[in-house]
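Below is one structure, written out as structure tokens; comments come after it.
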Amino acid sequence: MSKALESPEDVVLALSRVGDLLADEGQTVAIAIIGGAALLLSGLVKRATQDVDVLALRDPGPRGELRRPPDPLPEPLLKAVRTVQRDQHLVPDWLNAEAGRQWITGIPEGLFARLTWMQFGGLQVGIASRTDLIALKIYAATGATGAGDKHYQDLLALKPDRDELAAAAGWARTQGSGPEFSRELKAILDHAKRDLDQGGR
């Protein structure tokens, strides 16, 4: 049976093993991540996650800018990921580039400058900041099925204040259009303000 990544320690163990395998092959890879694994590694949220969401790869060259969609992921990284999946009984594609689709509509300005970096052998991992995770979670929660949605629950766990919600919503508005999207975004903001106010009492 496949296992989820239940804790920060689980994420660190899996990424450390990937980094060790890369180092054994003389390879280095740098990735930027968002989603549940980023929340766990940042200590911002405590919940299980099925995967590590890769948003970008580091460009080759001396500047090493993170600005390139990660699909496809480098074969040395995929090979290491498959080995760790097998050895630790994780879900297939437990580290994947699906989040790279965010590049189609855009990412929060300055996200890469706000990354916090961790080193795991031959693997460097840039973790999205709380500011950017709030923005991404508001957008992900838009159109959610209800208060139990994981993205909405993550948003509440991040405990944004009114100014942070407003700034994040400003970016989220650049990701969609039309009256339905606007209504859904407004509903998320209204619910979040209410729930966060109640939680602070």
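Index from 1, following the sequence.
Here the side chains of L15 and L95 are in contact, with some heavy-atom distance below 4.5 Å. By the 4.5 Å heavy-atom criterion applied to side chains, S42 and S129 are not counted as neighbours. At a threshold of 4.5 Å between non-hydrogen side-chain atoms, the residues L155 and I134 count as touching.
Taken from CD in Q85 to CG in L78, the straight-line distance is 12.5 Å, to the nearest 0.5 Å. In this structure, CZ on F120 lies 10.5 Å from CG on L13, to the nearest 0.5 angstrom. Expressed to the nearest 0.5 Å, how far CD of Q124 lies from CG of L22 amounts to 11.0 Å. In this structure, CD in Q88 is found 12.0 Å from OG in S2, a value given to the nearest 0.5 Å. Between L57 atom CG and R68 atom CZ the span is 5.0 Å, to the nearest 0.5 Å.
Between P70 and W103, the shortest heavy-atom distance links the atoms CD-NE1, 4.4 Å. The two residues L189 and A169 have their closest heavy-atom pair at CD1-CB, 3.5 Å. Scanning all heavy atoms of the two residues, the minimum distance from P160 to L196 falls at O-CD1, 3.5 Å.
Not a single side chain to side chain contact (heavy atoms under 4.5 Å, CB included) links A167 to another residue, sequence neighbours left out. The salt bridge (Lys or Arg N to Asp or Glu O under 4.0 Å) test applied to D132 returns R114, not counting sequence neighbours. Residues passing the side-chain hydrogen bond (donor to acceptor under 3.5 Å, both in side chains) test with R17, sequence neighbours excluded: none. Judged as a side chain to side chain contact (heavy atoms under 4.5 Å, CB included), and not counting sequence neighbours, the contacts of A4 are E6, A48, Q50. Considering only residues two or more places apart in sequence or on other chains, A172 meets the side chain to side chain contact (heavy atoms under 4.5 Å, CB included) condition with I138, Y139, L185. In this view, D190 and K186 satisfy the salt bridge (Lys or Arg N to Asp or Glu O under 4.0 Å) rule, not counting sequence neighbours. Scored by the salt bridge (Lys or Arg N to Asp or Glu O under 4.0 Å) test, E109 finds no partners at all (sequence neighbours excluded). For S7, the side chain to side chain contact (heavy atoms under 4.5 Å, CB included) partners two or more places apart in sequence, or in a different chain, are E9, D10. Remark: E164 pairs with R130 by the salt bridge (Lys or Arg N to Asp or Glu O under 4.0 Å) rule, at least two apart or across chains.
One hydrophobic cluster holds both L73 and W94 under the rule that ILVMFWY side chains link at heavy-atom gaps under 4.5 Å. Follow the hydrophobic side-chain contacts under 4.5 Å out from M118 and you never reach V45; the two are in separate clusters. The hydrophobic cluster containing V125 does not contain L115, counting ILVMFWY residues as joined when their side-chain heavy atoms lie under 4.5 angstrom apart, directly or transitively. Hydrophobic clustering (side-chain heavy atoms under 4.5 Å, transitive across Ile, Leu, Val, Met, Phe, Trp, Tyr) keeps L55 apart from I104. Clustering ILVMFWY residues whenever any of their side-chain heavy atoms sit less than 4.5 angstrom apart, transitively, puts V54 in the very cluster that holds L5.
Checking side-chain atoms of Q102 against main-chain N and O of G106 turns up a donor-acceptor pair under 3.5 Å. Between the side chain of D93 and the backbone N or O of N96 there is no donor-acceptor pair closer than 3.5 Å.
Each salt bridge (Lys or Arg N to Asp or Glu O under 4.0 Å) pair with one or both residues in residues 152-162, not counting sequence neighbours, appears once here: R47-D154, K137-D154, R162-D197. Identified under the salt bridge (Lys or Arg N to Asp or Glu O under 4.0 Å) test for residues 79-89, with sequence neighbours left out: E75-R82.
Each of V12, T116, V52 was scored for a side-chain contact (heavy atoms from CB on, under 4.5 Å) with L41, with one residue passing: V12.
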Pairs under 3.5 angstrom only: tabulate donor-acceptor contacts from the side chains of residues 23-40 to other protein residues two or more places apart or in another chain.
none

Going through the checks in order, is the side chain to side chain contact (heavy atoms under 4.5 Å, CB included) test met by L77 and L123?
-> CA-CA 9 Å; L77 175 60; L123 180 67; 4.3 Å; yes

